[in-house]
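Each remark here refers to the structure printed beneath this line.
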Amino acid sequence: MKKHILAVLAYMLPTFPLGFFWHLAIFADYYKSLHVYREEIIIPFGIASMLIQGIIWSVVYERLFSGESILRGAVKFAALACPLAWSFMVLAVSAKHHMSSVSGYLGIETAFIMVHYTIVSPLIAWVYSRQS
């Protein structure tokens, strides 16, 4: 149970500030120009989403990659998580929502997914690595 809690924290603690600053500060003007997000972001929904994702990724990681070295586990996890996250966080949103530039959204959100999993994958891998 301790490792699951640590893995969820390894996912959530960097995800919230990265998502907040990426979407609402650093690239806020670009996202506004895309006209894809509501004016009032519902932050509790975002936190709930991150918690659910963190719990699921913790279980998936433990079952598929537990005991791997940090580097090997992180690469394997990212190879699974990135395409899956990209499919429902980027492709599905692009398919369903009005926006001023689908290609612009695809680009900025693809970059976000890559940065996000570059950060969280080694942290989750560290929790379940042989060394921990």
Side-chain angles (χ1 to χ4, degrees):
M1 181 62 122
K2 178 183 169 189
K3 285 192 177 196
H4 282 297
I5 292 168
L6 290 174
V8 170
L9 291 173
Y11 183 81
M12 288 189 68
L13 291 178
T15 298
F16 182 78
L18 174 65
F20 183 88
F21 286 109
W22 184 283
H23 295 96
L24 303 177
I26 299 166
F27 297 110
D29 291 338
Y30 186 71
Y31 281 102
K32 281 185 184 182
S33 77
L34 292 172
H35 302 289
V36 68
Y37 294 135
R38 63 177 64 241
E39 285 296 318
E40 298 294 322
I41 301 293
I42 305 171
I43 291 179
F45 284 5
I47 293 170
S49 173
M50 287 177 249
L51 178 61
I52 292 165
Q53 291 166 23
I55 291 168
I56 291 169
W57 284 139
S58 173
V59 170
V60 167
Y61 194 98
E62 181 186 45
R63 291 186 180 181
L64 296 179
F65 311 118
S66 188
E68 297 277 3
S69 69
I70 294 170
L71 179 61
R72 187 172 171 93
V75 169
K76 285 181 170 183
F77 175 72
L80 171 70
C82 282
L84 184 59
W86 186 76
S87 74
F88 62 76
M89 294 172 68
V90 181
L91 284 182
V93 171
S94 298
K96 296 184 286 188
H97 295 271
H98 292 282
M99 56 189 72
S100 62
S101 172
V102 172
S103 63
Y105 182 80
L106 284 169
I108 192 81
E109 282 297 288
T110 297
F112 175 76
I113 294 291
M114 298 304 289
V115 170
H116 178 227
Y117 284 96
T118 297
I119 294 169
V120 301
S121 295
L123 295 174
I124 296 170
W126 173 78
V127 171
Y128 288 108
S129 71
R130 290 178 272 216
Q131 294 87 355
S132 63

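This is a predicted model, so every value here is computed, not measured. Nothing fancy with the numbering, it's 1 onward along the sequence.
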Legend entry - Partners passing ring-ring contact (aromatic ring centres under 6.0 Å, His included) against Phe112 (at least two apart in sequence or in another chain): Trp22, His23, His116
Indicate the atoms forming the closest heavy-atom contact of [X] with [Y], along with that distance.
{"X": "Ala74", "Y": "Tyr61", "answer": "N-OH, 4.0 Å"}
{"X": "Leu34", "Y": "Ser101", "answer": "CD2-O, 3.6 Å"}
{"X": "Tyr30", "Y": "Gly104", "answer": "OH-CA, 3.1 Å"}
{"X": "Pro83", "Y": "Ala78", "answer": "CD-O, 3.7 Å"}

Legend entry - CD1-NZ distance between Ile124 and Lys3, expressed to the nearest 0.5 angstrom: 13.5 Å
Check the hydrophobic clustering (I, L, V, M, F, W, Y; side-chain heavy atoms under 4.5 Å; chains of links allowed) and say if [X] and [Y] are grouped together.
{"X": "Val75", "Y": "Val115", "result": "no"}
{"X": "Leu71", "Y": "Val127", "result": "no"}
{"X": "Trp126", "Y": "Val59", "result": "no"}

Legend entry - Pairs satisfying salt bridge (Lys or Arg N to Asp or Glu O under 4.0 Å), at least one member in residues 7-31, at least two apart: none
What pairs of donor and acceptor atoms, side-chain ones from residues 37-48 against any protein atom, are under 3.5 angstrom apart with sequence neighbours left out?
none

Listed by chain and number, what are the side chain to side chain contact (heavy atoms under 4.5 Å, CB included) partners of [X], not counting sequence neighbours?
{"X": "Thr118", "value": "none"}
{"X": "Pro17", "value": "Phe21"}
{"X": "Leu123", "value": "Ala10, Pro14, Ile119"}

Legend entry - With His4 via side chain to side chain donor-acceptor pair (under 3.5 Å) - residues at least two apart: Ser58, Glu62, Tyr128
Inset, instruction - Answer whether the closest heavy-atom distance between the side chains of Leu18 and Val120 falls below 4.5 Å. - result: no
Could you give the side-chain donor-acceptor pairs of residues 84-99 under 3.5 Å, partners two or more places apart or in another chain?
residue	atom	partner	partner atom	Å
Trp86	NE1	Thr110	OG1	2.7
Ser87	OG	Leu84	O	2.7
Ser94	OG	Val90	O	2.8

Inset, instruction - Not counting sequence neighbours, list each pair that qualifies as a side chain to side chain donor-acceptor pair (under 3.5 Å) and has a residue in residues 73-84. - result: Glu68-Lys76
Inset, instruction - Kindly state each residue pair satisfying side chain to side chain donor-acceptor pair (under 3.5 Å) with at least one member in residues 46-57, sequence neighbours excluded. - result: Tyr11-Gln53, Ser49-Gln53, Trp57-Tyr117
Legend entry - Residues clustering with Met1 (ILVMFWY side chains joined when closer than 4.5 Å, directly or via others): Ile5, Leu9, Leu13
